[in-house]
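Here the structure is laid out as structure tokens; the discussion comes afterwards.
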Amino acid sequence: MTKACVIGWPIAHSRSPLIHGYWLRKYGIDGAYTKEPVKPEELGGFLATLKDRGFAGCNVTVPHKEAAFAAAVIKSQSAIAVGAANTLWFEGQDLACANTDTYGFIANLDQCAPRWKETDGAALVLGAGGSARGVVYGLLDRGCHDIRVFNRTIERAEEIARHFGAAVSAWSWDVRNDHVAQASVIVNTTIIGMNGKGDPEIDFKLAKLGPVVADLVYVPLETPLLRSARTHGLVGVDGLGMLLHQAVPGFEKWFGVRPEVSSELYALVAENIREA
Ligand SMILES: NC(=O)c1ccc[n+]([C@@H]2O[C@H](COP(=O)([O-])OP(=O)(O)OC[C@H]3O[C@@H](n4cnc5c(N)ncnc54)[C@H](OP(=O)(O)O)[C@@H]3O)[C@@H](O)[C@H]2O)c1
């Protein structure tokens with residue numbers, strides 16, 4: 001039996017077993033995917049014995065993403081760009097890593113808003129935390145040449161702009177609405193809106209290019225930002241699709257089948273979120 005898991009501290013909240021368990025059943029694979037609580041001080045020992053305990057690899061969540069990246073011997077371009085890893089597997093005896101959030105974000109945009117790249121305006125990224133790096137990398141990779149990062153702590157936005165180069169600029173949080181008229185994509189990577197609390201307060205009346213609006217927050221499925229965008233007739237892309245798509249490369253590495261993000265899987269996880 002092939003085994004994989006998700007590690008984090010805490011880990012009880014993770015929906016990854018629901019996603020991978022669905023695919024294991026769907027494709028009739030003799031495998032298991034479990035949640036493993038790992039304290040920060042235990043991470044090194046856990047990864048050192050992962051292969052010997054029969055695991056093909058694992059997903060990695062908070063607070064281990066940077067440490068997992070450092071521990072891996074083989075680092076994919078996505079992980080290097082972001083400086084953090086969320087997916088680990090073995091190549092021979094060597095631990096390899098990737099950051100699949102970028103893939104998940106872009107694959108979800110392509111699926112839910114296939115025309116998102118047709119308007120050549122600016123991409124506004126709200127927030128400059130760990131997930132913002134993956135989003136910026138994905139937007140750059142898809143040819144966005146004017147990416148504006150807005151953050152409450154401006155130094156973190158400046159660090160991202162320095163890291164990714166001339167196509168990325170850093171802005172203070174307070175000026176975000178001055179840029180809405182030039183936006184073709186707006187992405188919330190902050191925690192604002194999680195559990196329905198707070199609203200990034202984007203004034204969509206100012207929008208001129210019909211921007212696609214994506215939110216990484218997926219609890220609730222329709223965040224205050226997405227509700228407001230849709231009320232103004234804009235396409236809103238929720239964070240659950242990204243969560244499902246980012247799981248695809250790991251499943252393929254461990255279990256040898258590239259799984260499909262189907263409407264049935266979306267409905268299963270959406271129901272779990274609504275019940276929470
Ligand atoms: N859908 C998915 O697959 C997926 C994947 C990854 C992450 N996410 C979600 O994305 C969100 C962010 O994750 P992360 O890992 O990037 O978190 P993070 O590294 O902790 O970053 C949090 C961001 O939120 C900002 N922020 C927090 N409170 C704020 C406030 N009151 N006003 C303005 N800005 C505020 C922070 O600004 P400062 O720098 O000023 O503190 C920072 O930019 C979480 O909700 C996470 O669940 C979803």
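Read the numbers this way: they start at 1 and go in the same order the structure lists the ligands and their atoms.
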Practice problem: Using side chain to side chain contact (heavy atoms under 4.5 Å, CB included) as the criterion, point out the one residue from Leu240, Val269, Leu226 that pairs with Leu221. | Solution: Leu240

Quiz prompt | atom 14 (P) of ligand 1 within contact range, any protein heavy atom under 4.0 Å | solution = yes

Quiz prompt | Donor-acceptor pair between Trp89 and Thr87 side chains, under 3.5 angstrom | solution = no

Quiz item: When you look for heavy atoms under 4.0 Å from ligand 1, do you find them on the side chain of Asn151, its backbone, both, or neither?
Solution: side chain

Quiz item: At their closest point, which heavy atom of Tyr22 faces which heavy atom of Ser262, and how far apart are they?
Solution: OH-OG, 3.2 Å

Quiz item: So which protein heavy atom does atom 48 (C) of ligand 1 come closest to, and at what separation?
Solution: Leu216 O, 3.2 Å

Quiz prompt | Val217 neighbourhood, listing ligand 1 atoms whose heavy-atom distance to it stays under 4.0 Å | solution = 45 (O)

Quiz item: Would you say Gly104 contacts ligand 1, with heavy atoms under 4.0 Å as the rule?
Solution: no

Quiz item: So which heavy atom in the protein is nearest atom 25 (C) of ligand 1, and how far is it from that ligand atom?
Solution: Thr190 CB, 3.8 Å

Quiz item: How far is atom 33 (C) of ligand 1 from its nearest protein heavy atom, and which residue and atom name does that atom have?
Solution: Ile192 CD1, 3.4 Å

Quiz item: Arg115: what forms a salt bridge (charged side-chain N to carboxylate O under 4.0 Å, His left out) with it, not counting sequence neighbours?
Solution: Glu118

Exercise. Fit a plane to each ring of Phe251 and Trp23, take the angle between them on a 0 to 90° scale, and name the class: parallel (under 30°), tilted (30 to 60°) or perpendicular (over 60°).
Key: perpendicular

Quiz item: Does some side-chain heavy atom of Glu159 sit less than 4.5 Å from a side-chain heavy atom of Glu155?
Solution: no

Quiz item: Using a heavy-atom cut-off of under 4.0 Å, does the side chain or the backbone of Ser131 touch ligand 1, or both, or neither?
Solution: both

Quiz prompt | Contact check: Tyr218 vs ligand 1, nitrogen or oxygen atoms, below 3.5 angstrom | solution = no

Practice problem: With heavy atoms of Gly239 as the reference, note each atom of ligand 1 found under 4.0 Å away. | Solution: 1 (N), 2 (C)

Quiz item: What heavy-atom pair brings Ala132 and Thr189 nearest, and what distance separates the two atoms?
Solution: CB-OG1, 3.4 Å

Quiz prompt | Asp215, Ile191, Leu126: member with heavy atom nearest to atom 27 (C) of ligand 1 | solution = Ile191

Quiz item: Can you find an N or O of Ala132 that's nearer than 3.5 Å to an N or O of ligand 1?
Solution: no

Self-check item: Option with minimal heavy-atom separation from atom 41 (O) of ligand 1, where the choices are Glu201, Arg152, Lys197
Solution: Arg152

Exercise. Could you tell me whether some N/O pair between Asp101 and ligand 1 is separated by less than 3.5 angstrom?
Key: no

Practice problem: Just say parallel, tilted or perpendicular for the rings of Phe46 and Phe55, cut-offs at 30° and 60°. | Solution: tilted

Practice problem: Answer side chain, backbone, both or neither: which part of Met242 comes under 4.0 Å from ligand 1, heavy atoms only. | Solution: both

Self-check item: Part of Thr189 within contact of ligand 1 (heavy atoms, under 4.0 Å)
Solution: backbone

Quiz item: Should one rank Val62, Thr153, Val135 by closest heavy-atom distance to atom 38 (P) of ligand 1, which comes out on top?
Solution: Thr153

Exercise. Using a strict cut-off of 4.0 Å, indicate which atoms of ligand 1 neighbour a heavy atom of Gly129.
Key: 16 (O), 19 (O), 21 (O), 43 (O)

Self-check item: Connected via hydrophobic side-chain network under 4.5 Å: Leu18 and Phe255
Solution: yes

Quiz item: Is it true that atom CD of Gln93 has more than 12 heavy atoms of other residues, nucleotides or ligands lying nearer than 6.0 Å?
Solution: no

Quiz prompt | atom 19 (O) of ligand 1 - nearest protein heavy atom and its distance | solution = Gly130 N, 3.0 Å

Quiz item: What is the ring orientation for Tyr33 with His20, classed by angle as parallel under 30°, tilted 30 to 60°, or perpendicular over 60°?
Solution: parallel

Quiz prompt | Salt-bridge criterion met for Lys26 and Glu264 (N-O under 4.0 Å) | solution = no

Self-check item: Under 4.0 Å to a heavy atom of Gly127 - the qualifying atoms of ligand 1, by number
Solution: 43 (O)

Quiz item: Considering only heavy atoms from C-beta outward, does the side chain of Asp110 approach that of Trp116 to under 4.5 Å?
Solution: yes

Exercise. Output the list of atoms in ligand 1 that are nearer than 4.0 Å to some heavy atom of Met194, sorted by atom number.
Key: 44 (C), 45 (O), 47 (O)

